[in-house]
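These numbers come from a predicted model, not from an experiment.
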Amino acid sequence: MPLLLPHSPLRPVYIASLLSYNVVALMGCKHLLLRARPFPLPPVPSSSSSSSSRVRFRGAYGLHFSCVHSRTGSRINPSCLKANGVPHRDHSSIPRPVQLEGPVGRGIETPFKVLKMRLEELGIDMQTCLPGQHHSLLCPMCKGGRSMERSLSIYISPDGGSAVWTCFRGTCGWKGSTRAAAKPRSSYTTSNQTSKVKSIREITEESLELEPLCNELVAYFAERLISAETLRRNAVMQKKCENQIVIAFTYRREGKLVSCKYRDVKKKFWQEANTEKIFYGLDDIKGKSEIIIVEGEMDKLAMEEAGFRNCVSVPDGAPPSASDKDLPPEGQDIKYQYLWNCKDYLKEASRIILATDGDKPGQALAEELARRLGRERCWRVKWPKKNDSEYFKDANEVLMYVGSGVLREVIDNAELYPIRGLFTFKDFFDEINAYYHRTLGYEFGVSTGWKSLNHLYNVVPGELTIVTGVPNSGKSEWIDALLCNINESVGWKFALCSMENRVREHARKLLEKHIKKPFFDSKYGEPAERMAIEDFERGKRWLSDTFYLIRCEDDSLPSIKWVLDLAKSAVLRHGVRGLVIDPYNELDHQRPSSQTETEYVSQMLTLIRRFAQHHSCHVWFVAHPRQLHNWVGEPPNLYDISGSAHFINKCDNGIVIHRNRDPEAGPVDQVQVCVRKVRNKVAGTIGDAFLNYNRVTGEFIDIDTIPKKQ
């Protein structure tokens, strides 16, 4: 008998013949025996008779399961779910090798080599691939994820001239096709076009060699509180793969088998390739107005044990995170194609309960489902606590540990799926409770530090106060004094966008109010003693710890958005609780030609109020009144502010600072604080208060606390 050398022309035919044997599997107690009936072969060495034959079972996740023809005495490690026997089956459906005319292998070798080169250029490893077969390989796009699954399914045509492939990892979905004489075509989840890999396979229980569940698997499900009746009704079956039995979850529509998903003892899943993606348990939701969607087949079965048959499971598990991109069109929505395939079943549902897993991927799946199904008809569940720090993960875990009664309560207490911008008061009960019990802090606001103002105006976090007054009335000085008082009483920090003040002059004003001594020895400070160097150094530390400056470092005017962005940074980085913008007319107010000043002011004040509310930061905004004709010295009105009536309409508090300029009308150092608007009645009311201004230190003092001259 001649020896077959590696380069022998007979070798390819011999190999192809070996791969085309009909295989009959017989399972004994310890060994898996195969009986082969080969085609007529060229003479080969007798030693070749020990070569093994293999029939591959392929799943959507690229896992190979084989029945192996082993040598006499070979040993296969048994599984904990070992088969008891396999009936005789004729595998006539396995493709036989192509019989070639002329020189052996010439008709298939050339196009197949070209095809291999094309596929290897795409990163597909073709070393073990042969024509006429399905193969599961490592996807060059996703690399099989963390577990390095062989998730790329590829089929080579029997003539070796074409190939089609798809990756069945939910987060990948890469697929394409090519011929030996054409350029490869592929599509990815981000591409604008998709190409169908191949026609949908028609499968049956017989073609998949499915069997009823053995007693061991029934016992396995019983441990998870899934009854034999539930298994029977949902047609849960088994399949023999290599030396183990795997669970087969059959996916059906109108009772007909459409797809099949397998699970082995190591909790590894895979699906039949090129079958239609649908929900597991699809027939159970036909015509139902209320349905439940869970993340796994075991959860679907657990729901049935709790009395909910109107439940389906997604076929592909959960994504790692929710996408922030727009929804793709139906033809490109690869990961969620099962939703489109089942849309006729879903359109009648008015209430869809999303009972996905409680982990991050499960919540991401719920979000992706809600985006496609419509949040307005979705509800979501909250899984109960397992202990002080953990929650139950899914329906089957709840069933196993706390019973079907608790699982029913979880579904019955499902809450509306949140829609961005749409709430109920229940969503804010925690905050309302804290407000009622006064545990939020500053429910009545922070005192200004002046007794005469306490019943009129208090500073509430998250509000906007508009301050106005005619020039040289002391608006900025009064705000500075207010900030010093608040810092002294409750320790607040502030961001200052004061564009009319030089930094050094603003520092002087603040230090004089804080230390209560003049900054310089000069006429305005006589006869008071100037602050000592120790006071000055202590004051500088106080300035640095209390105030953060927002200043434009070039010649351009700052916009309100620029100011608020920096204020947000100050809140997050330094814990600022108050923001001063002084004044309005020093900001850049460029606006579109089609927008009126009134519309612009309304939009600007809306931005400021949202900033204040979102960051629980009080904002003081200084705005000058328009030029007052025939002014006789009375305080202006809030409606006199230059620009728009929206200054009074949109603010929470409106204050006018007014100083007497006529010695005959009263003391010229007396300042009138006119509270003209208070939206929050808990924090104050409309009225006037009078303070005395100390020109030496810049302090504002309650009139009744001024020492009387002897």
Side-chain angles (χ1 to χ4, degrees), residues 8-24 34 36-42 44 51-60 62-69 89-122 124-137 150 152-168 175-186 195-204 206-209 272-275:
S8 170
L10 297 178
R11 191 173 182 84
V13 175
Y14 172 61
I15 295 174
S17 298
L18 283 177
L19 292 170
S20 66
Y21 286 177
N22 286 338
V23 181
V24 178
L34 294 180
R37 195 169 58 248
F39 291 111
L41 298 177
V44 294
S51 301
S52 64
S53 300
R54 184 179 296 263
V55 175
R56 296 181 180 265
F57 296 93
R58 181 187 145 279
L63 301 176
H64 282 276
F65 293 87
S66 307
C67 294
V68 180
H69 175 205
R89 295 188 190 274
D90 183 10
H91 296 258
S92 58
S93 59
I94 299 175
R96 298 177 180 275
V98 178
Q99 300 300 317
L100 305 173
E101 300 292 340
V104 177
R106 293 290 176 88
I108 191 173
E109 183 180 60
T110 301
F112 184 47
K113 278 191 174 181
V114 174
L115 184 69
K116 287 181 65 175
M117 287 190 294
R118 290 192 182 281
L119 294 174
E120 287 173 353
E121 287 175 0
L122 295 175
I124 300 175
D125 184 4
M126 296 288 294
Q127 295 299 320
T128 60
C129 295
L130 292 170
Q133 296 187 17
H134 293 280
H135 300 275
S136 295
L137 307 173
R150 299 171 69 86
L152 184 73
S153 174
I154 186 168
Y155 175 73
I156 311 296
S157 64
D159 63 0
S162 64
V164 289
W165 65 88
T166 186
C167 177
F168 284 93
K175 59 184 177 181
S177 63
T178 188
R179 295 177 179 274
K183 292 183 178 179
R185 295 181 302 165
S186 68
S195 58
K196 291 186 178 180
V197 176
K198 59 178 69 176
S199 59
I200 299 299
R201 288 171 57 207
E202 290 190 3
I203 57 176
T204 63
E206 291 75 19
S207 67
L208 299 183
E209 299 183 341
E272 285 293 334
N274 305 319
T275 54

Can you measure from [atom1] ([X]) to [atom2] ([Y]) and round to the nearest 0.5 angstrom?
X	Y	atom1	atom2	result
Trp165	Leu122	CH2	CG	5.0 Å
Phe112	Cys129	CZ	SG	6.5 Å
Leu119	Ile156	CG	CD1	6.0 Å
Ile203	Glu272	CD1	CD	5.5 Å
Glu120	Asp125	CD	CG	7.0 Å
Met126	Met117	CE	CE	11.5 Å

Considering all heavy atoms of both residues, which atom of [X] and which atom of [Y] are nearest to each other, and what is their separation?
X	Y	value
Leu152	Cys167	CD1-N, 3.9 Å
Pro131	Pro158	CB-O, 3.6 Å
Arg118	Thr178	CD-OG1, 4.0 Å

Check your understanding: Would a distance-only check, ignoring hydrogens and angles, find a side-chain to backbone donor-acceptor pair under 3.5 Å from Arg201 to Asn274?
Key -> no

Exercise for review: For the pair Ser162 (side chain) and Ser157 (backbone), establish whether a donor and an acceptor sit closer than 3.5 Å, ignoring hydrogens and angles.
Suggested key: no

